[in-house]
Amino acid sequence: MDFLNAIVAFANFVFIPGVAYGSQLALGALGVTLVYGILRFSNFAHGDTMAMGAMSAVLLTWLFQSWGISFGPLPTALLTLPFAIGFTILLLLGTDRAVYKFYRTKKAKPVILVIVSLGITFIYNGLTRFIIGADDQNFLDGERFIIRARDFKEMTGLREGLAFKTTQGITIVTAVIVVILLFWFLNKTRSGKSMRAYSDNEDLALLSGINPERVVMITWMIVAGLATIAGVLYGLDKSFKPFTYFQLLLPIFASAIVGGLGNPIGAIAGGFVIAFSEVTITYAWKKVLVYLMPDNLEPSGLVQLLSTDYKFAVSFVILLIVLLVKPTGLFKGQAV
Amino acid sequence: MNDTMRTTMLFAGVALLIAYVGFAQSWNSALLIIAMGLISSVMALGVNLQWGFAGLFNVGIMGFVALGGLAAVLIGMPPTEGAFSAGGWGVLSALILGAGTIFAAIFAVKKMTSGWLRTMTVIAILVAGFFIFRAILDPAVERIEVINPAQTGYLGGLGWPVLLAWPVGGLFAAGAAWIIGKTALGLRSDYLAIATLGIAEIIIAVLKNEDWLTRGVKNVIGVPRPVPYEIDLQNDPAFVERAANLGFTPVEASTLWVKVLYILLFGAVLLILLWMAQRALHSPWGRMLRAIRDNEVAAEAMGKDVTARHLQVFVLGSAICGIAGAMMTTMDSQLTPGTYQPLRFTFLVWVMVIVGGSGNNLGSVLGGFLIWFLWVQVEPMGLWLMNLITSGMAEGSALKDHLIDSAAHMRLLTMGLVLLLVLRFSPRGLIPEK
Amino acid sequence: MSNPYQDDRGNKDASITNPKGQGTLTPSPGTRQAMDTAKAFLVGDSMTAGYGNGPDILHDCTIAVDEGEIAVIVGPNGAGKSTGMKAIFGMLDMRQGSVRLDGDDITGLSPQDRVAKGMGFVPQTSNIFTSMTVEENLEMGAFIRTDDFSDTMAQVYDLFPILKEKRLQAAGELSGGQRQQVAVGRALMTQPKVLMLDEPTAGVSPIVMDELFDRIIEVARTGIPILMVEQNARQALEIADKGYVLVQGRNAYSGTGKELLADEEVRKSFLGG
C-alpha cells in the first residue's frame, strides 16, 4: 500500500507536472529548431514571440468573456487560439517582410541575423509591455481540475491524493496533436519535404526549383503557430507574465541544443529531458520517500537537492553534459 | 582626417545632448548620465574586445557585471560580527570540498578508460560529493543566517577600501569567464553563446538565493563609498563657503560634487582601459587576433593556437565587464540581485557595441554614452509624446490613462528600433572599424 | 570585406548559428547584350566572366553541345573548367558573350529559371539532400513538375537499379558512387533538355568510375545531351562526341573526342604522353 502511495505522490508532484512542462518546452524548442534549420540562426526573439501570441490570446479571451462566450468546462483561451495564431502569423510575416528579408537578399551571415533578432526581442518585449503591461494576467477559466486530490482519495482510499489539472491535460493532449500534425506535414507533404530539402541544402533546393521565399513563409507560419500554442499553454498552466516568457529562452534553447539543433525529434526529446531534470532535481522528495523508507530512516529534511530557483542551473548542467558526451546532441543535429 | 572629423562631431553631438539635459532638466541628471555613460562605455569596451576583435558572442554580460557587484560587497562591506566564526569555516570547507569533488570527477574521467565502470565512478563521486557538500554547507549557512537577519544575516565583507573591489571584480569575472570559456570553447564546436546565457542566469540565481553571501533579495545596502558623503560635505564649513561663493546651496553643491568625483574616478578607469585596448589592438597580439578573425583556417595552419587566443580575449573582455559591475555597485552603494535583467545588462550593452561600431574602441565609448542617454531620456520623451497624442482625448478616458502609463515601456521599443535602423543603414556602426 | 552583412568576425558559435547548408548561389545579372553564333542545342558563346567584382576568369570562351551528344570540358587544374560550366548555368557574372538553349537566349536568367527552362545541373559537391531518403531526393528533383512524375521515377530506377533497392534509405548513408547516381537521378527528374555534370567521378574509385561512365552513356542514349567537366581527361574523351580543352580560361583545343585523343600536342600536355 505504501508503495502505491509513493507512486501516486510521484505522479502528482513530479511526473504530471514534468510531462506538462516538457510539452511546453518541446513546443517552444520546435519553433527554435525550425528557425535554426531553415533560416540558420538562433532566434532570440522566440520567447517574446510566445509572449506576443499568448498576449493576443489573453486579450481575445477577455473580449470573448465580455461577449459571454465560453468553452464550457474548457478555458475560453482555447477557443481564441485560431485567432491568436492568425495574429502571430501576421506579426511574424510582417517582421520578416520588414526586417529579415532584407538580410536574406544581402546573403547576410547567420550571426548578423542573431543580432537582428536581439533587436526584434527588444521591440516585441516593449510592445507586449506597452499593450498589456508587465504584470501577471489571469485568463484561465472553466473547470480547474480533471481529477481533484480529494476525489481521488475517496475513489481509491489511498492516503495520497492525485490532482490532475485541466491545463495539464490540455497541454499534453494539444502537444501530442500538434506534434503529430507537424511531423505529418514535414514528412508527408510536398511543402514539408521542400522545407526539409531547403534546410538540408539550400543551393540544391534552389536548383530543384524550390522557392526559398515560400519555404521561409511557411516556416514563419508554423513557428507562429507553435509559439502561440506553447505560449498559451504555458500561460494557462502557470500564469501570463511577459518577463517569464523571456526567461523561458534558456530552457528552450537548452532543449533544442540537447536534442540536436535543427532536428525536430531532438527538440521534443530535449524538452522532456530538460523538464524532467529540472523538476526532479528541484523537487522536495520527502513526500515520496516517506512512503518508501522504513519509519526509523524517514528523512528529516525536505530532501530537495536544489532550491527551485536553481532550475536554470539544472538545464545548463544537463546541456553541458550532453554536449561533452555527444557534441551534436541526443539526436543528430545540424550543428556539428 | 575626414574620419577624425566625423568622430569628433559625433562625440560633440552626444556632449550637446547631455548638456541639453543639464540646462533643460537638471545638472544632477546630466552628471548621472555621464557617470553611467562612463560605466556603460567600460562594459561596451569589454564586449567589443570579445565581439569586435575575436567574433565571440557573449550573451552573459549580466553575470560578469553582477560578479563585479559581488566583489564590491565582499571587499567594501564590514565583516559581520561573529558570522565567520559561526559558519565561515563551514562554508569555506564546503566550497573547497565541492571544488574538490568536481576535480576528482574530472580526474576520474581523464585517468580511467571509458566504459560503464568510469561512468559509475564519476556519478558516485559527484553524488557522494554533493551530499557531503550539502551536509557541511547547510548547517553553516543556517548559523550565519540567524545572526541579526534583519540587518545582516550574511558573512559580510572584508571592510577594505572599496576601490580595491574594482580590480577584484575584474578578477572574479575573469575566473568565471575562464571556467566557461575552457568548457564551451573546448567543445568540438563553439557553444559560447548558450554557455554564457546559462551561466549569467546561474550567477544571478546564486546571488539571489545564497543569503549568507549577498543577503539575497534582501539586498546589501550602504556599501562604503570611495568619495565623501553629501551630509559630511554639508557639515563642512569650508565646503559650504566655497559652494556659496559659486552660487550653490550646500545641498545642491554636495550632490553635484559627489557625482563629479565619481565621474573623475570612472573617467580615469575608462581612459586607462581605452588606452590599453588601443595598445592591444595595435600590438602583435591584436594583429594575431584579427588574423584569426579574418581567416581562422589560415591562422591555424600557421600554427596559431586559436582556442587559446579566444580564451584569452574572452577572459579579458569579461574582466572588464566585471570592473564595470564593481564600479556600478560602488556608485549605487547597494547590491540588489533582483534588478539584474538580461535586457538591461546584456542586450543593452550589445546595442551599444553595434551602434557604436563593432571592432572600434572609440565607437564603443560613443555607443555607451549615446545609448545610455537614450535609455534614460526616452522615458520622459515618451511621456511627452504620449501627452501630445492624448491631448485631444477626454480626461480620464481609459485609453488615455493606458497610453500615459505605458510610456515607460517605450524605451525597450526604442532600443530595438535604434539597433535595427543602425544594422540596416549603417551596418558597421556609427564609427566603423578601419 | 566588401559586404558588411557577410562580416561575421569569424564567429563560429554553433549554438546560435547554423553552419550547414546555407546557400552560396548568387544569380548572374547577364550582359544585357545579345550575340549571334552558329546553331548548337546549348551554347555558352564567347563568354568572358568572373565572380562578383573580381577579375575575369573566362576569356572569350565558347562551349557548345549538340543534340544527342556528350561534350566534355577538360584541362589542367585551375583552367576554369568548372567556372565555364557555372557561367553557362548562370552562377557568375558574365561580362560578355551569351548563353543560348535551344535557340533561346537565356543569358539573363537566374539558375532556377534555367532549371525551369530545361537545364539539369549536378554540382560537384553537396549534390544530394543527405538527410532525405533516395526517393525523397528524386521527388525534390521533380519539385517544379505539376504532372505525374512516377514514370520518370521508374525510368531513373531502371537506369540506376541500385537506387530502387535503397530508395527508403537516407541518401547520406550511401557510398560515393551511389550518391553520384542519386545526384544524377535527381537532376533527371525534371526531364531536362540538357544535363550538365560537374566532375561526376570526383573522389570515386576507378571501378566505380567506369560504372558511372557507363551509366552516363546510357543516359545520353535516352536522347539527353550531356555537358560535363572531367578531371579524368582520357576516359572522358573516350566517351565524348566533342571535347574542349581549356587553358587559363581560354579555348585551347577543341574537336571530337577521338581527334583530341589523337592530337600530339594535347596528349603531351594534358594526357601524360
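We name chains A, B, ... by the order of the sequence lines, and we start the count at 1 in each one.
- Applying the side-chain hydrogen bond (donor to acceptor under 3.5 Å, both in side chains) test to pairs two or more places apart or on separate chains, those with a residue in residues 119-140 of chain B are B:R134-B:D138.
- A donor atom on one side chain and an acceptor atom on the other are not found under 3.5 Å apart for B:N360 and B:E433.
- Going from atom CD1 of B:I125 over to atom CD1 of B:I102 covers 12.0 Å, rounded to the nearest 0.5 Å.
- Taking 4.5 Å as the limit, every side-chain heavy atom of A:D135 sits out of range of all side-chain heavy atoms of A:K241.
- Between B:I61 and B:F345, every side-chain heavy-atom pair lies at or beyond the 4.5 Å cut-off.
- Close approach to chain B, defined as a heavy atom under 4.5 Å from one of its heavy atoms, is seen in no residue of residues 266-282 of chain A.
- Among the candidates A:F253, A:F246, A:F312, the residue making the largest number of heavy-atom pairs closer than 4.5 Å to chain B is A:F246.
- In this structure, chain B has no heavy atom under 4.5 Å from any part of A:Y124.
- Aromatic ring centres of A:F240 and A:Y234 lie farther apart than the 6.0 Å criterion allows.
- With a 4.5 angstrom heavy-atom cutoff, A:L320 touches chain B only via side-chain atoms.
- Per-residue counts of heavy-atom pairs under 4.5 Å with chain A were compared for B:T183, B:L348, B:L403, B:V206; the largest is that of B:V206.
- Against chain A, the residues from residues 411-420 of chain B that qualify, each with a non-hydrogen atom under 4.5 angstrom away, are B:L412, B:L413, B:M415, B:G416, B:L417, B:L419, B:L420 in number order.
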- Task: Determine, step by step, whether B:N219 and B:T336 satisfy the side chain to side chain donor-acceptor pair (under 3.5 Å) criterion, reporting the C-alpha distance in whole Å, the side-chain angles of both residues, the deciding distance to 0.1 Å, and the verdict.
- Result: CA-CA 5 Å; B:N219 303 336; B:T336 48; 5.2 Å; no
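- Distance check: B:M352 CE to B:W375 CH2 gives 9.0 Å after rounding to the nearest 0.5 Å.
- Residues of residues 194-201 of chain B placed with any heavy atom under 4.5 Å of a heavy atom in chain A are listed by number as B:I194, B:A195, B:L197, B:G198, B:I199, B:E201.
- The parts of A:L118 that come within reach of chain B are both its backbone and its side chain, each placing non-hydrogen atoms under 4.5 angstrom from that chain.
- Each of A:N43, A:N125, A:T128 was evaluated against A:D48; a single residue qualifies, A:N125, per the side chain to side chain donor-acceptor pair (under 3.5 Å) test.
- The pair B:K208-A:D309 fails the salt-bridge criterion, with no side-chain N (NZ, NE, NH1 or NH2) lying under 4.0 Å from an Asp/Glu carboxylate O.
- Residue contact with chain A, scored on non-hydrogen atoms closer than 4.5 Å, involves the side chain of B:F57 exclusively.
- Counting heavy-atom pairs closer than 4.5 Å to chain B, the top residue among A:S307, A:S315, A:A313 is A:A313.
- If you measure heavy-atom distances from A:A45 to chain B, you find no contacts under 4.5 Å at all.
- How far OG of A:S255 is from CG of A:L330: 10.5 Å, rounded to the nearest 0.5 Å.
- The distance between the ring centers of B:W178 and B:F314 does not fall below 6.0 angstrom.
- Relative to the six-membered ring of A:F102, B:R424 meets both conditions, a distance below 6.0 Å and an angle of at most 45° to the axis.
- Going from atom OH of A:Y21 over to atom CG of A:L248 covers 6.0 Å, rounded to the nearest 0.5 Å.
- The contact between A:A254 and chain B is made entirely by backbone atoms, counting heavy-atom distances below 4.5 Å.
- To the nearest 0.5 Å, the span separating CG on A:L39 from CG on A:D96 amounts to 7.0 Å.
- With a 4.5 angstrom heavy-atom cutoff, A:F316 touches chain B only via side-chain atoms.
- Heavy-atom pairs under 4.5 Å with chain B were tallied for A:I131, A:L249, A:T121, A:V317; the largest tally goes to A:I131.
- Side-chain atoms of A:Q137 and A:W62, non-hydrogen and from C-beta on, do get closer than 4.5 Å to each other.
- Note: A:R129 leads A:K311, A:R129, A:Q247 in heavy-atom pairs under 4.5 Å with chain B.
- For the atom pair CZ of B:R293 and NE2 of B:H310, the computed distance is 10.0 Å after rounding to the nearest 0.5 Å.
- The shortest distance between side-chain heavy atoms of A:Q24 and A:K238 falls below 4.5 Å.
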